[in-house]
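Accompanying notes for the structure given below.
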Amino acid sequence: MRKFFGMAIMCALLLSTAVSPRPATAAAPDPVLEWINIMNNTVLAAGTSPFITSRVAAMVSASVFDAVNGIDPRFHYLHVRPNAPQNASQRAAAIQAAYVILVDTYPAQSGALSAQLNSSLAALSLTEQTNSVSAGVAWGQKVADAIWAWRLADGNAPAPPPFEGVLGIVGTPAAVGYWRPTPPPNAPGAGIQLATMTPWILVRASLFRLPPPYALDSAQYAADLNETKTMGAFSGSPRTADQSELALFWQSNTPLTWDRVAAQISAERGLSFHENVHLFALLNVTMADAVIACWDSKYRYSFWRPITAIQEGLTPADADPTWEPWLDFFPSGTPAFPEYPSAHASISGSAAFILASKFGDNTSFTVTSESRPGTRSFASFSSAVSEIADARVFGGIHFRTSCDLGNTLGRSVASFVAGHAMHALSDDRNDQ
């Protein structure tokens with residue numbers, strides 16, 4: 001990769017020296033928005049799961065943030081102390097930092113990523129001096145390498161042994177209420193290492209650990225079970241056509257979904273380069289910590305999925321072995337990890353908090369999905385989060401309380417991250 005990286009930079013700098021710096025005839029693209037889009041396409045091409053995507057997006061945005069902030073310090077740094085050459089190009093540093101994380105994560109896509117790097121730097125060379133671009137590239141590389149090395153020790157790898165739930169313990173009978181692999185794939189629990197991963201900003205993964213799920217003999221659990229059993233059934237459900245569709249639509253890569261929303265609003269509002277640097281770092285680091293906090297509760301309680309709860313029942317008399325969830329076929333059935341709390345709700349709750357804090361809750365936007373064509377429109381972030389809860393219940397893969405408390409968890413994480421990371425240096429001066 002390092003050899004290929006050197007060739008890519010050499011090509012880019014040759015391109016930059018072939019054209020004398022001059023005013024561009026059109027505004028150059030914001031490299032933050034440009035590389036958020038490249039990240040989106042790269043992650044989707046690789047088929048990365050949403051919860052692993054949160055880590056990738058955080059590394060990309062954190063690297064861009066510390067790279068730019070290291071040249072023109074406006075905020076408290078995240079990990080890398082500002083120490084860049086004074087003449088370094090901030091935009092070149094951002095481009096290089098994003099590229100390095102993506103090519104280190106997805107070496108199989110190095111050809112496409114290097115071509116995009118060369119294109120970005122060549123466009124930048126039309127308006128910035130070659131020595132400034134070169135210094136920015138070198139600084140961006142240094143920052144991304146430091147972020148990469150830092151997160152190599154976060155506990156994401158090596159992955160622990162497969163988690164098979166209570167049925168994976170030899171001699172242990174199936175325990176009512178506890179998770180076990182679900183059909184159709186009957187895969188072991190995914191991402192168990194996330195439950196103990198080192199957070200980005202949270203002091204520990206369990207900082208906002210939720211209380212246990214409702215007792216199985218409680219009225220609240222009975223209400224949740226009956227709603228999912230009715231509204232989330234594959235056949236015979238009173239769902240409307242739109243309710244069925246929205247469950248499919250929201251089967252998307254959640255961090256990427258909210259990055260696309262943020263990019264859309266940023267473009268509409270005309271956010272500056274520095275505003276985007278800060279916004280996407282805060283958004284993606286928050287979503288990454290929301291995933292870690294969510295997995296802490298998931299594997300702490302290991303609560304069963306609706307398909308298990310309904311098919312097996314609390315007693316044989318309660319069992320409905322033929323029941324299937326609406327999402328059983330799309331794309332691979334019930335997600336392979338414990339139910340409580342909802343990961344989608346946790347991530348989305350955290351993202352909605354950050355975006356509402358920046359733009360106001362009553363912000364209109366549209367959402368796209370890699371799973372379904374078309375768009376869905378919303379008048380507020382809270383209305384989108386509410387629909388996401390419906391989508392998981394109508395899909396038959398979650399209980400309502402898991403979505404509600406997942407949202408609460410995500411918001412708690414977001415409030416903490418926003419209050420403890422990447423503050424403007426001007427805030428310090430104002431407090432003096």
Does the side chain of L283 reach to within under 4.5 Å of the side chain of I36, using non-hydrogen atoms?
-> no
Using a distance-only test with no angle check, is there a side-chain donor-acceptor pair under 3.5 angstrom linking S383 and S386?
-> no
Side chain to side chain contact (heavy atoms under 4.5 Å, CB included) assessment of Q193 paired with N156 = CA-CA 6 Å; Q193 73 273 18; N156 181 61; 3.6 Å; yes
Could you tell me whether R400 and E227 have a side-chain N and a carboxylate O separated by less than 4.0 Å?
-> yes
Which heavy atom of G396 sits nearest a heavy atom of T228, and at what distance?
-> CA-CG2, 3.9 Å
Between W179 and Y299, does the ring centre distance come in under 6.0 Å?
-> no
To the nearest 0.5 Å, tell me how far Y77 OH sits from F65 CZ.
-> 11.5 Å
Partners meeting salt bridge (Lys or Arg N to Asp or Glu O under 4.0 Å) with D296 (sequence neighbours left out) = R209
Can you name the side chain to side chain donor-acceptor pair (under 3.5 Å) partners of S369, sequence neighbours left out?
-> none
Side chain to side chain, Y301 and Y178, heavy atoms closer than 4.5 Å = no
When rounded to the nearest 0.5 angstrom, what distance separates CD1 in I147 from OG in S61?
-> 11.0 Å
Compute whether any side-chain donor of one residue and acceptor of the other, for E128 and S89, lie under 3.5 angstrom apart.
-> yes
Is it true that the side chains of T198 and D154 contain a donor and an acceptor less than 3.5 Å apart?
-> no
Salt-bridged, R239 to E245, with N to O below 4.0 Å?
-> no
Decide yes or no for F353 and T286: does some side-chain heavy atom of the first lie under 4.5 Å from some side-chain heavy atom of the second?
-> no
Proximity of Y221 and F399 rings by center, below 6.0 Å | yes
Residues E387 and R376 bridged, charged N to O under 4.0 Å = yes
Report yes or no: do S120 and W35 form a side-chain donor-acceptor pair below 3.5 Å?
-> yes
Using distance alone, with no hydrogens and no angle criterion, decide if W258 and S348 have a side-chain donor and acceptor under 3.5 Å apart.
-> yes
Derivation of the side-chain hydrogen bond (donor to acceptor under 3.5 Å, both in side chains) call for Q264 and T366 | CA-CA 8 Å; Q264 173 195 141; T366 58; 3.3 Å; yes
Taking the six-membered ring for Trp, is the centroid-to-centroid distance between W304 and Y340 below 6.0 Å?
-> no
Intermediate values then yes/no, side-chain hydrogen bond (donor to acceptor under 3.5 Å, both in side chains), N40 and R260 = CA-CA 8 Å; N40 177 87; R260 292 193 297 267; 2.8 Å; yes
What's the spacing between S218 OG and L225 CG if we round to 0.5 Å?
-> 10.5 Å
Under 4.5 Å between any side-chain heavy atoms of H278 and R74, yes or no?
-> no
Step by step, work out the side chain to side chain contact (heavy atoms under 4.5 Å, CB included) result for W200 and V417.
-> CA-CA 9 Å; W200 289 79; V417 173; over 6 Å; no
Atom CZ in F280, atom OG in S266: separation rounded to 0.5 Å?
-> 5.5 Å
Determine, step by step, whether L409 and C294 satisfy the side chain to side chain contact (heavy atoms under 4.5 Å, CB included) criterion, reporting the C-alpha distance in whole Å, the side-chain angles of both residues, the deciding distance to 0.1 Å, and the verdict.
-> CA-CA 7 Å; L409 174 63; C294 175; 4.2 Å; yes
What are the two closest heavy atoms between P199 and A205, and how far apart are they?
-> CG-N, 3.7 Å
Distance (rounded to the nearest 0.5 Å) between R91 CZ and S132 OG = 11.5 Å
Taking all atoms of both residues into account, what is the closest heavy-atom pair of G349 and N407, and its distance?
-> CA-OD1, 3.1 Å
Smallest separation among heavy atoms of P325 and T334, with atom names = CG-OG1, 4.0 Å
Paired with V43, the side-chain contact (heavy atoms from CB on, under 4.5 Å) test is passed by just one of T53, I52, I38, namely T53
Any chance you could lay out the side-chain hydrogen bond (donor to acceptor under 3.5 Å, both in side chains) test for E370 and S252, step after step, and finish with the verdict?
-> CA-CA 6 Å; E370 62 272 16; S252 59; 4.8 Å; no
T363 side chain near R269 side chain, heavy-atom distance below 4.5 Å | yes
Mind listing the closest non-hydrogen atom pair of C403 and A345 along with its distance?
-> O-CB, 3.3 Å
Note: D145-K142 ion pair, threshold 4.0 Å (strictly below) | no
Is there side-chain contact between P31 and F273, with heavy atoms separated by less than 4.5 Å?
-> yes
Test item: K358 and E275 side chains (from C-beta on) under 4.5 Å apart, heavy atoms | yes
So, for A391 and A247, which heavy atoms are closest and what is the spacing to 0.1 Å?
-> O-CB, 3.6 Å
Proximity of W295 and F51 rings by center, below 6.0 Å = yes
Flag side-chain contact, heavy atom, 4.5 Å: L194 against M197 | yes
When rounded to the nearest 0.5 Å, the distance separating CZ of F75 from CE of M422 is 9.5 Å
Please lay out, stage by stage, how Q251 and R392 fare under the test side-chain hydrogen bond (donor to acceptor under 3.5 Å, both in side chains).
-> CA-CA 9 Å; Q251 280 289 90; R392 310 317 267 172; 2.6 Å; yes
Go through M287 and D259 one step at a time and tell me if the side chain to side chain contact (heavy atoms under 4.5 Å, CB included) criterion holds.
-> CA-CA 10 Å; M287 288 193 287; D259 274 342; 4.1 Å; yes
